[in-house]
Amino acid sequence: MSDDIKLDRHDDARAILARNDRGGYTVPTDRLYPFQWNWDSAFVAMGFATFDIDRAYRELERLIEGQWEDGMIPHIVFHAPSDTYFPGADVWGTRHRIPTSGITQPPVFGMALRFIHDAAVAAGRQDALERTRPLFAAALRSHRWWMKARDPERRGLVAILHPWESGSDNSPAWDEALARVPTTTTTQIRRKDTGHVDAAMRPRDVDYQRFIHLVDTYRDCGWNPEKQWASAPFKVADVQMTGILARATADLIRLAAVLGAQDEVAELSEMHRLLTEGLGRRWRDSLRRFVSLDLVSGEDIEAPTQAGFIPLVAVTLDGQQRAAVAAEIARWCDGMVVSLPSTAPFSPAFEPKRYWRGPVWAVINWLMADGLRANAMNELAGSLERGTVWAIEQAGFCEYFDPTTGEGLGGNTFSWTAAAYLVLSRRVTDG
Ligand code: GLC
């Protein structure tokens, strides 16, 4: 690939971020997702940090305008109205000063903050500490919320109460737990997603009814975390979420030290210990990966999804585990044009084009590569990074990719795919 072509793609990536900018925050893509999404914005902020530090900070600052009193950072902040998305602000019925959804998403925020802070320092920015400090305070409040609201029984694992919280909304990992959720709703369902993209790539109607049943249930709890915990018909201690939270906690420990916040270093270190120990108990030798725990049935969730490898961002594997993970990933990638599939191709649940049931996501590969590098598995990390960059260069900045063909699918001109390109292509170029 010549440098010229690479340069063009960088411009394209920046142009997508500019086009999806709605005034200091970025929508994931026009129409299909017309508001600010939590973890999308965290990834996008890191993308911005590669060329515009101010704008990177701004993305996070705008996200926490939606942060609740209790510390939760919602999964969607409805800064401005749009009628191209369901369920909108009226369905959530939350009471924050800005309309938001009532559930959350993976806390990549802390990881992004450290990334931006480091980029600001490297760029010689005198205001780095000043800019980072309030965002650090917001992140800390959100981590406290996670521990209190989503691990009240102190397992060292945080739970999701809705599949949409996982970020892997339609993953087969949730099939059994979701099947127990009633399909009755008090809200009238008016899907908009299938008007933007092919219905065959989206969740089924019956699953949508269950998704909305959960929203109805939690809204009826007045969005009170204790009440929701007690009445949740869907409750999964998720290893992907916990892995990301633990990694973000490690990043906050580093920032707390830089900010001279000693008490917070101690508090976060205790959190980190709990979470990494919790994750350690979720490793399964026979499956060569980590497994989530269904807190309603008490059973392991064995569906083979990418979530099983995400804890690598936070935990240090021993030699045997590393070899096992490498062998398992090789098995998942065997015969694929682009890796890593979000569901193992040998699983009956594998659907290469349907949302979270097989397709490749650039940001998941970004997390995977970080986890593999943290565990000194650099070669595998490099190959995922190169594969992601290649997929984007040949198919465009799509929402996700068919692993069996490399075809780009879902929404196009996707912000986090552009951000992933900006960050990962640098690594590929730098070797
Ligand atoms: C879908 C994805 C979720 C993402 C959102 C916006 O709902 O499953 O992870 O945050 O789209 O891109």
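Both ligands and their constituent atoms are indexed starting at 1 by order of listing. Residues take their numbers from the sequence shown, with the count starting at 1.
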Colleague: May I ask you to test the W223-R95 pair for a side-chain heavy-atom distance under 4.5 Å?
Modeller: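 Sidechains of R95 and W223: no contact.
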Colleague: Within a distance under 4.0 Å of any heavy atom of P28, pick out the atoms of ligand 1 and give their elements.
Modeller: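 Contacts of ligand 1 toward P28, numbered from 1: 6 (C), 12 (O).
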Colleague: Heavy atoms only: which of S168, P203, G167 lies closest to atom 3 (C) of ligand 1?
Modeller: G167
Colleague: Please determine whether a side-chain nitrogen of the Lys or Arg among D300 and R282 lies less than 4.0 Å from a carboxylate oxygen of the Asp or Glu.
Modeller: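 Counted as a salt bridge, because a side-chain N and a carboxylate O are separated by less than 4.0 Å.
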Colleague: Does one side chain, of S41 or E59, offer a donor that lies under 3.5 Å from an acceptor on the other?
Modeller: yes
Colleague: Does only the side chain of W164 get under 4.0 Å from ligand 1, or the backbone, or both, or neither? Count heavy atoms.
Modeller: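 Under 4.0 Å from ligand 1, W164 contributes no heavy atoms.
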Colleague: So which of D40, D193, I76 gets nearest to atom 12 (O) of ligand 1, if we judge by its closest heavy atom?
Modeller: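 Heavy atom nearest to atom 12 (O) of ligand 1 belongs to D40.
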Colleague: Return the closest protein heavy atom for atom 1 (C) of ligand 1 as residue, atom name and distance.
Modeller: Y355 OH, 2.9 Å
Colleague: Measure the distances from the heavy atoms of H75 to every atom of ligand 1 and state whether one is below 4.0 angstrom.
Modeller: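 Flag not set, H75 not near ligand 1.
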Colleague: Show the atoms of ligand 1 that are less than 4.0 angstrom away from any heavy atom in Q105.
Modeller: 3 (C), 4 (C), 9 (O), 10 (O)
Colleague: Testing the 3.5 Å rule here: is there a donor-acceptor pair between the side chains of E399 and T29?
Modeller: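 E399 vs T29: no donor-acceptor pair found between side chains.
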Colleague: Under 6.0 Å from the six-membered ring centre of F51 and within 45° of its axis: does the NZ or CZ of R14 meet both?
Modeller: yes
Colleague: Looking at CG of D294 and CZ of R180, how far apart are the two atoms once the value is rounded to the nearest 0.5 Å?
Modeller: 4.0 Å
Colleague: Kindly confirm or rule out an N or O of W416 lying under 3.5 angstrom from an N or O of ligand 1.
Modeller: no
Colleague: Please say whether the positively charged group of R289, taken as NZ for Lys or CZ for Arg, lies over the ring of F309, i.e. under 6.0 angstrom from the six-membered ring centre and within 45 degrees of the axis.
Modeller: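 Cation-pi check for R289 and F309: fails.
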Colleague: In ligand 1, which numbered atoms sit nearer than 4.0 Å to a non-hydrogen atom of F414?
Modeller: 12 (O)
Colleague: Need the ligand 1 atom indices (1-based, order shown) with element for anything under 4.0 Å from a heavy-atom of W39.
Modeller: 3 (C), 4 (C), 9 (O), 10 (O)
